[in-house]
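The basis for the numbers below is simple: all heavy atoms, side chains too, and nothing from hydrogens, waters or symmetry mates. Residue numbers begin at 1 in each chain, while the letters A, B, ... track the order of the sequences.
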2 protein chains.
Amino acid sequence: MAYSETFMHAALAEAKKAIQRGEAPIGAVVVYKNEIIGYGANTRETENAISGHAEINALQMAAKKLDSWHLDGCDLYVTLEPCPMCAGAIIQSHIRNLYFGARDEKAGACGSATDLFLPGMFNHDTVVFGGVCQDECKTLLQSFFKELRKLKD
Amino acid sequence: MAYSETFMHAALAEAKKAIQRGEAPIGAVVVYKNEIIGYGANTRETENAISGHAEINALQMAAKKLDSWHLDGCDLYVTLEPCPMCAGAIIQSHIRNLYFGARDEKAGACGSATDLFLPGMFNHDTVVFGGVCQDECKTLLQSFFKELRKLKD
């Protein structure tokens, strides 16, 4: 399964923007025909929105662009393993391939806390590939939470 | 686990409103201290939004009302067993009790297609009770899809 580090770097750039708003640095992009058509970062705190995760924000932007919430033929790159909410949205959007960076041992839905991507589980199978630019994605998150703890002490 | 048919009837009323917009009749309400603070119905087609399910719309309204996307002490009533996306949003919102009507054998995340509510699975446990006003919820959905098939023939 071929992936592009360039697209994960674009997702990482989105993640970095989230820090400026006091949000956890998680970013995502939707790619269609080798072009980014959706960008997203965490907006949960700033918009007080449960659905304000990077993946859903990127999917919404892509849906607007394609004028359809069905995103057949699109791939999603995200810096952290998606949670169940985002995993559900990714599958229902018919995302073709999902590439994620770091693992989320506590809440990840690609095999960590649960696995929602088992073939035949739902009416669409998204193919999952984890560990893309893993170190960069992990370091960015770890640095953020380390700083946060310092501020709280 | 005490539940109120009145609140499920309020969710059913929301579901009926969705039909007028050509959306599948699924409705939800969020209840806090015995009062409805969030209403939601399907808006996925009309708003072209992947997150436009009844549950997430109701959670968003409640979050606005309480000025927090954490909805501790709130219960959610929904006419259909939540999908994985909504189940994830419900758990992450810290919903106390989830009451649903009809089962969704194909995509339900409360034991049908998968079960995301197993105790200890995530950092919050939502207690689930299914089958509230089940027949009314099921009939409403079945009639809608029967009509839809007629129109397509």
Side-chain angles (χ1 to χ4, degrees), chain A residues 23 30 38 40 42-53 55-71 74 76 81-95 104-110 112-118 120-124 126, chain B residues 23 30 38 40 42-53 55-71 74 76 81-95 104-110 112-118 120-124 126:
Chain A
E23 305 264 3
V30 173
N42 256 1
T43 54
R44 201 177 241 183
E45 303 300 335
T46 34
E47 292 180 358
N48 188 28
I50 187 69
S51 63
H53 268 181
E55 298 92 319
I56 292 186
N57 287 333
L59 292 172
Q60 303 283 41
M61 190 175 160
K64 211 170 167 184
K65 184 111 181 183
L66 296 186
D67 201 22
S68 164
W69 58 268
H70 268 141
L71 302 173
C74 292
L76 189 130
E81 182 183 356
C83 73
M85 176 184 74
C86 293
I90 288 164
I91 296 164
Q92 289 177 35
S93 293
H94 290 191
I95 287 292
D104 184 349
E105 299 294 345
K106 284 186 188 166
C110 304
S112 292
T114 186
D115 195 347
L116 292 174
F117 293 94
L118 299 172
M121 199 170 182
F122 299 106
N123 71 348
H124 173 79
T126 294
Chain B
E23 304 265 2
V30 174
N42 256 0
T43 55
R44 203 178 237 183
E45 302 300 335
T46 34
E47 293 181 358
N48 187 29
I50 186 68
S51 63
H53 269 181
E55 297 93 317
I56 291 185
N57 287 333
L59 292 172
Q60 303 283 40
M61 188 174 162
K64 211 171 168 184
K65 183 109 180 183
L66 296 186
D67 200 22
S68 165
W69 58 268
H70 268 142
L71 302 172
C74 291
L76 188 130
E81 182 182 357
C83 73
M85 177 184 75
C86 292
I90 287 163
I91 296 164
Q92 290 178 35
S93 294
H94 290 190
I95 286 292
D104 183 349
E105 300 293 345
K106 282 185 189 167
C110 304
S112 291
T114 186
D115 194 345
L116 292 175
F117 294 93
L118 300 172
M121 199 170 181
F122 299 106
N123 71 349
H124 174 79
T126 294

Practice prompt. Just do the side-chain contact (heavy atoms from CB on, under 4.5 Å) check on B/Ile90 and B/Leu116 with the steps written out, would you?
Written response: CA-CA 10 Å; B/Ile90 287 163; B/Leu116 292 175; over 6 Å; no
Worksheet entry | Leading residue by heavy atom contact count with chain A [cutoff under 4.5 Å; candidates B/Ala107, B/Cys86, B/Gly88, B/Pro84] | B/Pro84
Worksheet item: With no hydrogens and no angle check, is any side-chain donor or acceptor of A/Glu81 less than 3.5 Å from a backbone partner on A/Glu105?
Response: no
Practice prompt. Could you check which of A/Met121, A/Arg44, A/Gln92 has the highest count of heavy-atom pairs closer than 4.5 Å to chain B?
Written response: A/Arg44
Worksheet entry | B/Ala49: partners by side-chain contact (heavy atoms from CB on, under 4.5 Å), with sequence neighbours left out | A/Gln60, B/Glu47
Fill in: Under 4.5 Å from any heavy atom of chain B - which part of A/Ile50
both
Worksheet item: Mind checking what makes side-chain contact (heavy atoms from CB on, under 4.5 Å) contact with A/Ala62, not counting sequence neighbours?
Response: A/Val30, A/Ile37, A/Leu71
Worksheet item: Considering only heavy atoms, which portion of A/Asp67 lies under 4.5 Å from any heavy atom of chain B: side chain, backbone, both, or neither?
Response: both
Worksheet item: Any side-chain heavy atom of A/Lys106 within less than 4.5 Å of one from B/Phe122?
Response: no
Fill in: Interface residue of largest heavy-atom contact number with chain A, from B/Ala87, B/Ala113, B/Ser51, under 4.5 Å
B/Ser51
Practice prompt. Report yes or no: does B/Asp104 contribute a side-chain atom to a donor-acceptor pair with the main-chain N or O of B/Ser112 at less than 3.5 Å?
Written response: no
Practice prompt. Considering only heavy atoms and a distance below 4.5 Å, find which of A/Gly52, A/Ser68, A/Cys83, A/Ala109 pairs most often with chain B.
Written response: A/Ser68
Discussion item. At a 4.5 Å cut-off on heavy atoms, which part of B/His53 comes close to chain A: side chain, backbone, both, or neither?
Written reply: side chain
